[in-house]
Amino acid sequence: MSKVYVLYTGGTIGCEGAPLAPMPGPQFAQLILSMPGFADHHLNGFPSIDYVIDWYDAPLDSANITPAHWVRIAQSVLEVYDRYDGFVVLHGTDTLAWTASALSFFLQGLSKPVLLTGSQLPLGVPRSDALRNLASAVTIAGTQQINEVCVFFDDVLLRGNRTMKIDADEFAAFGSPNFSALARLGADISIDKSLLLPAPNPQTSLANPLVRTEAGMQLRKILAGLSIRSVNMLFVFPGVSAGFLKAVLSQHGTKLAGLVLAAFGKGNAPNADDFLTVLKNAHRNGIVLVDITQVHRGSVHLDAYQTGASLRQAGAISGYDLTPAAAFAKLVFLTALDLPLWETETLMQTSLAGEMTVHI
C-alpha cells in the first residue's frame with residue numbers, strides 16, 4: 001500500500017461560482033471524497049493507494065502566485081516528505097508551468113515523484129477533465145519511481161521545467177516543445193524511463209548548490225534561509241527602446257538581481273548603442289542577464305548573428321532552450337542563494353534538473 005500527499009493550492013480544479021473563484025480547502029476535500037473511487041481517502045485500483053488531502057487556508061487563483069508561494073509549496077512537501085511515497089500539487093493552469101519549473105530547482109536532491117496537475121474545468125462540473133487528471137496523477141505518484149518534478153495533464157506526463165501552457169481552451173493544455181513527453185497514458189501506465197532523471201547522488205553532484213550538503217533533507221534549512229531577490233523579465237518587441245529597458249531594470253526600493261531577456265529567434269535583440277550601454281551598465285552593477293528565445297521551439301545561439309553577439313559583449317549569457325518559466329524560476333532560485341555573480345552565471349548555463357540542452 002503506497003501513500004500519496006495531495007496539496008490543494010487553488011486553481012480551476014477547485015473553483016465554483018461565476019466568475020470562478022477557488023473554494024475553501026475543507027469544501028474541496030469533501031468534493032474529492034465524493035468522487036468515484038476516492039471514498040475514505042483511498043483510491044481504488046490496482047494497486048490500491050491511500051491519500052491525504054491538505055490545503056492552504058486561503059486557496060489562490062494561480063494568477064496570484066508569487067515566488068514566495070513557490071518556496072511555501074516546496075516547504076510543504078519537505079515537511080511531510082518522510083511519510084509519503086509521492087506528492088501531487090493541485091494548481092491553477094495559468095502559472096502551473098512556472099511553479100513546476102521552480103519546484104524542480106527548489107526540490108533538487110529528492111528521490112520521490114512530485115506531480116503538478118489541475119484542470120480546464122472545475123471538478124464539480126459535468127464533462128470536467130479534473131477527475132481523470134487527479135486520479136492519474138495520484139496513481140503515478142503512488143506507483144512510479146520518479147526522481148523529478150513533473151506535470152501531468154490530459155494523459156501526458158511532462159518534465160516540469162520543460163513545460164509550457166499552450167492552449168487556454170483545450171483539455172490538452174500543456175506541451176513540451178524542446179523535450180519529449182515522459183509518458184502518454186492509455187489503459188496502461190508506461191513511462192519512458194530512459195528520459196527520466198537518474199537518482200540523485202549528492203556526493204558527486206558538485207555543480208548543484210543544493211546537493212553539496214549531505215542529503216536532500218538539508219533542503220529544509222536552505223529553503224528556510226532563502227531570501228527571494230527581485231528578478232524581472234523583458235519580452236523584447238520591435239522598437240523596444242533603451243529608456244524602456246532602463247525602466248524595466250529600475251526597481252523602486254529593491255535592488256534588481258537578474259533580468260531574463262526573451263529575445264527574437266536565436267536570441268537576437270536590438271544592438272543600438274544606447275540599448276547595449278544600458279545592458280552593460282546593468283551587468284557592471286551585478287545584474288545577471290539571461291538571454292532566451294521567445295520562440296517555442298529551438299535554442300539561443302548568441303554568435304549566430306551580430307545582434308546576438310552584441311548582447312554577449314554587453315554581458316548577457318545564453319539561456320539555450322530554457323522556457324521563459326524555467327529561465328525566470330531558475331534565476332529567482334539562484335539569485336536567492338546569494339552566490340557570486342560568476343557562479344550564478346555558470347549555474348544558469350548548467351543543467352541542474354534537466355531543464356535545458358546546453359550547446360557547446
Side-chain angles (χ1 to χ4, degrees), residues 2-44 49-100 102-103 106-107 112-126 128-142 149-153 160 165 173 220 223-224:
S2 61
K3 297 176 65 177
V4 172
Y5 175 80
V6 179
L7 177 63
Y8 167 60
T9 68
T12 299
I13 193 169
C15 277
E16 62 178 354
L20 291 172
M23 67 178 67
Q27 180 183 344
F28 181 68
Q30 288 302 311
L31 180 60
I32 289 181
L33 289 166
S34 72
M35 291 290 114
F38 276 87
D40 301 321
H41 296 278
H42 182 77
L43 180 62
N44 293 326
I49 298 169
D50 283 343
Y51 70 93
V52 300
I53 310 169
D54 197 3
W55 56 82
Y56 295 140
D57 290 339
L60 293 168
D61 184 302
S62 71
N64 290 320
I65 290 283
T66 70
H69 292 110
W70 298 340
V71 176
R72 185 183 182 190
I73 294 169
Q75 289 173 324
S76 295
V77 171
L78 290 169
E79 286 169 2
V80 298
Y81 180 77
D82 293 329
R83 306 208 301 266
Y84 297 95
D85 301 294
F87 308 87
V88 173
V89 178
L90 303 180
H91 195 288
T93 60
D94 284 350
T95 59
L96 187 148
W98 296 71
T99 297
L103 292 182
F106 290 137
L107 297 177
K112 297 179 182 180
V114 177
L115 272 64
L116 283 83
T117 193
S119 62
Q120 293 286 63
L121 292 173
L123 180 60
V125 172
S128 174
D129 55 328
L131 182 59
R132 189 170 69 179
N133 286 347
L134 175 61
S136 296
V138 171
T139 301
I140 294 171
V149 176
C150 300
V151 168
F152 180 82
F153 223 89
K165 187 172 182 181
R220 293 179 186 172
L223 284 175

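One-based numbering along the sequence shown.
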Contact summary for [X] and [Y], nearest pair of heavy atoms:
X: P113; Y: D85; value: CD-O, 3.5 Å
X: S62; Y: H91; value: CB-CE1, 3.5 Å
X: A137; Y: F152; value: N-CD2, 4.2 Å
X: P22; Y: G11; value: CG-N, 4.1 Å
X: T9; Y: I73; value: CG2-CD1, 4.0 Å
X: S119; Y: L121; value: OG-O, 2.6 Å

Quick one: are [X] and [Y] in side-chain contact, heavy atoms under 4.5 Å?
X: H41; Y: L33; result: yes
X: P122; Y: L20; result: yes
X: T93; Y: F153; result: yes

Nearest-0.5 Å distance, [atom1] of residue [X] to [atom2] of residue [Y]:
X: D129; Y: T12; atom1: CG; atom2: OG1; answer: 9.0 Å
X: N133; Y: S128; atom1: CG; atom2: OG; answer: 8.0 Å
X: E79; Y: R72; atom1: CD; atom2: CZ; answer: 9.5 Å
X: I49; Y: H42; atom1: CD1; atom2: NE2; answer: 9.0 Å
X: I65; Y: W70; atom1: CD1; atom2: CH2; answer: 9.5 Å
X: L134; Y: M35; atom1: CG; atom2: CE; answer: 9.5 Å

Checklist entry - Yes or no on side chain to side chain contact (heavy atoms under 4.5 Å, CB included) for Y56 and L7, after CA distance, side-chain angles and deciding distance? => result CA-CA 8 Å; Y56 295 140; L7 177 63; 3.5 Å; yes

Next on the checklist: With ring pair (Phe, Tyr, Trp, His ring centres under 6.0 Å) as the test, pick out the partner of Y51 among Y5, Y84, F38.
Outcome noted: F38

Checklist entry - Would you find a donor on one side and an acceptor on the other, under 3.5 Å apart, between the side chain of T99 and the backbone of L96? => result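 It does not hold such a pair.
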
Next on the checklist: Does anything in residues 8-18 form a salt bridge (Lys or Arg N to Asp or Glu O under 4.0 Å)? List the pairs, not counting sequence neighbours.
Outcome noted: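 Qualifying pairs: none.
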
Item to check | CA sep, side-chain torsions, deciding dist, call: L90, T117, side chain to side chain contact (heavy atoms under 4.5 Å, CB included) | outcome: CA-CA 5 Å; L90 303 180; T117 193; 3.6 Å; yes

Item to check | Working for side chain to side chain contact (heavy atoms under 4.5 Å, CB included), residues L107 and L78 | outcome: CA-CA 8 Å; L107 297 177; L78 290 169; 4.0 Å; yes

Next on the checklist: Is the terminal nitrogen or CZ of K112 (NZ for Lys, CZ for Arg) located under 6.0 angstrom from the six-membered ring centre of F87 and within 45° of that ring's axis?
Outcome noted: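 Checked: cation-pi criterion not met.
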
Item to check | Pairs satisfying ring pair (Phe, Tyr, Trp, His ring centres under 6.0 Å), at least one member in residues 6-31, at least two apart | outcome: Y8-F28

